[in-house]
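Note that ligands are numbered from 1 as they come in the structure, with each ligand's atoms numbered from 1 the same way. Computed from a predicted model, the values in this text were never measured in an experiment.
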Amino acid sequence: MQPVSKLPSVGTTIFSVMSRLAAQNEAINLSQGFPNYSSDRHLIDLVTHHMQAGHNQYAPMPGLPLLRQRIADKLQRSHGITVDPDEEINVTAGATQAIFTALSVLIHAGDEVITFEPAYDAYRPAIELFGGTPVIYQLEGPDFTIDWQKVGKLITPQTRLIIVNTPHNPTGTILTARDMEALQGIVAGSDIWVLSDEVYEHLIYDAATHESILRYPELRERGIATYSFGKTFHNTGWKIGYVVGPPAFLAEFRKVHQYNVFAVNTPMQYALADYLADADTYEGLPAFYQRKRDFFTNLMAQTSLKPVPCRGTYFQCFEYGHLSDESDMDFASRLTKEYGVAAIPVSAFNASGRDDKLIRLCFAKTEEVLEEAGKRLGRL
Ligand code: PMP
Ligand code: GLN
């Protein structure tokens, strides 16, 4: 038997492909985005503590009330936003699930969804699964900024949703207050929703402020923001995140969530609730990651790859077109096999397969690993 594919043009995600290639070649894996260092020992101890204390049965469907309260406190402290933890927050099995479920709620057959590419590769298949049509705005180097007038021209009566991502994977750009105001101007008074993927909210550099969609009143009433504790607390394998949105949206979100995930694992929710009580656990992150970015940028300056400036996330893109005519997939494979460093070919994040001869490297690694990767890439 062969199921009729709902995603005939989708293969295996580039993250699995490149991480497998890295393992096969014993290469340094700077492809898939995850740290090679551990979460805070205290957070791990808290999980153990809560398991031992017997917090091992189903959590409430929307998430542990104390964790939702702490998330609301964090939103207040970080962004000055007052959010109702009961009606506007839901704990999810990572940001990817939050996004998938949000799209299942919002997209009806025939709806158009504006996305900016290159983009995290989970958006497009989900849009298509729910019968939507992705409408692509192509971001272009060297600065990958958005011309909002051009975005405005993509809007039709079928437009149901715009997906933004700031700080942006893979380009490392961030949206500014002017971007958010322009976006607000475009959607105000319409029936268009905005999903803002903010998983890298704390990975933002050079004293820039993270512009959350939730800070803008006209965006807030139609805005859904998604977050990932995996990104924030160096434990991507825990797959815990949350979604924030207006009460009417959350009510629909929960209708799907209750029959899909129901609840996210309990001891980690208790542990995260305790851990979040101390704001130092996340307020030091921009400085921590800026040191890494600077360390990595300095190392890479010794190589012949041309950097795209990174203002946020733990990714940096590099151009190699002056070194080779190979496709970015071929170049990334050769880097892995011959130089022992795995990268993501950025064309994997373009629906069209557009190849700007860019690779993405993840610098969420210890200095020794980054140093060794820099040395290997120096031979290019
Ligand atoms: N959004 C973006 C932009 C990402 O890069 C990632 C990758 N982790 C996610 C969402 C997914 O986060 P999670 O691992 O919590 O599902
Ligand atoms: N978001 C991570 C990245 O961009 C990986 C997520 C995943 O492996 N699904 O590398």
For a 4.5 angstrom cut-off between non-hydrogen side-chain atoms, does [X] reach [Y]?
X: L214; Y: R220; answer: yes
X: P85; Y: P65; answer: no
X: F288; Y: K292; answer: yes
X: P35; Y: Y314; answer: yes

Numbering the atoms of ligand 2 from 1, which are under 4.0 Å from a heavy atom of K231?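 Under 4.0 Å from K231, ligand 2 has these atoms: 1 (N), 2 (C).
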Could you list the atoms of ligand 2 found under 4.0 angstrom from a heavy atom of F315?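 In order of number, 3 (C), 4 (O), 10 (O).
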Name the residue from L161, T101, I192 that meets the side chain to side chain contact (heavy atoms under 4.5 Å, CB included) definition with L106.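 The option that passes is L161.
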Option from H257, M268, M61, Q269 for which side chain to side chain contact (heavy atoms under 4.5 Å, CB included) with V91 holds: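 Single pass found, and it is Q269.
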If you measure every N/O of G33 against every N/O of ligand 2, is any gap under 3.5 Å?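 Yes, there is a polar N/O contact under 3.5 Å.
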So between Q32, M18, R360, whose heavy atom ends up nearest atom 4 (O) of ligand 2?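 Answer by nearest heavy atom: R360.
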Show me the donor-acceptor pairs, under 3.5 Å and distance only, between side chains in residues 235-254 and residues at least two apart or in other chains.
residue: N235; atom: ND2; partner: S39; partner atom: OG; Å: 3.0
residue: E252; atom: OE2; partner: K255; partner atom: NZ; Å: 2.9
residue: R254; atom: NE; partner: N90; partner atom: OD1; Å: 2.8
residue: R254; atom: NH1; partner: D86; partner atom: O; Å: 2.9
residue: R254; atom: NH2; partner: D86; partner atom: O; Å: 2.9
residue: R254; atom: NH2; partner: I89; partner atom: O; Å: 2.8

Determine the minimum heavy-atom distance between I136 and L154, stating which atoms define it.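 Nearest heavy atoms, I136 then L154: O-CD1, 4.3 Å.
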Other residues, nucleotides, ligands: >12 heavy atoms within 6.0 Å of D278 CG: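 Above 12, so yes.
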So which heavy atom in the protein is nearest atom 7 (C) of ligand 2, and how far is it from that ligand atom?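 Checking every protein heavy atom, the shortest distance to atom 7 (C) of ligand 2 gives F15 CD1, 3.4 Å.
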Which residue and atom name correspond to the protein heavy atom nearest atom 6 (C) of ligand 2, and how close is it?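 Nearest neighbour among protein heavy atoms for atom 6 (C) of ligand 2, to 0.1 Å: Y120 OH, 3.8 Å.
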Distance dump, ligand 1 polar atoms to protein, N/O, under 3.5 Å:
residue: ligand 1; atom: 1 (N); partner: D197; partner atom: OD1; Å: 3.3
residue: ligand 1; atom: 1 (N); partner: D197; partner atom: OD2; Å: 2.5
residue: ligand 1; atom: 5 (O); partner: N169; partner atom: ND2; Å: 2.7
residue: ligand 1; atom: 5 (O); partner: Y200; partner atom: OH; Å: 2.6
residue: ligand 1; atom: 8 (N); partner: K231; partner atom: NZ; Å: 2.8
residue: ligand 1; atom: 14 (O); partner: K239; partner atom: NZ; Å: 3.2
residue: ligand 1; atom: 15 (O); partner: A95; partner atom: N; Å: 2.8
residue: ligand 1; atom: 15 (O); partner: S228; partner atom: OG; Å: 2.7
residue: ligand 1; atom: 16 (O); partner: A95; partner atom: N; Å: 3.2
residue: ligand 1; atom: 16 (O); partner: T96; partner atom: N; Å: 2.9
residue: ligand 1; atom: 16 (O); partner: T96; partner atom: OG1; Å: 2.6
residue: ligand 1; atom: 16 (O); partner: K239; partner atom: NZ; Å: 2.7

Would you kindly specify which portion of N169 sits under 4.0 Å from ligand 2, judged on non-hydrogen atoms: side chain, backbone, both or neither?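 The side chain, only.
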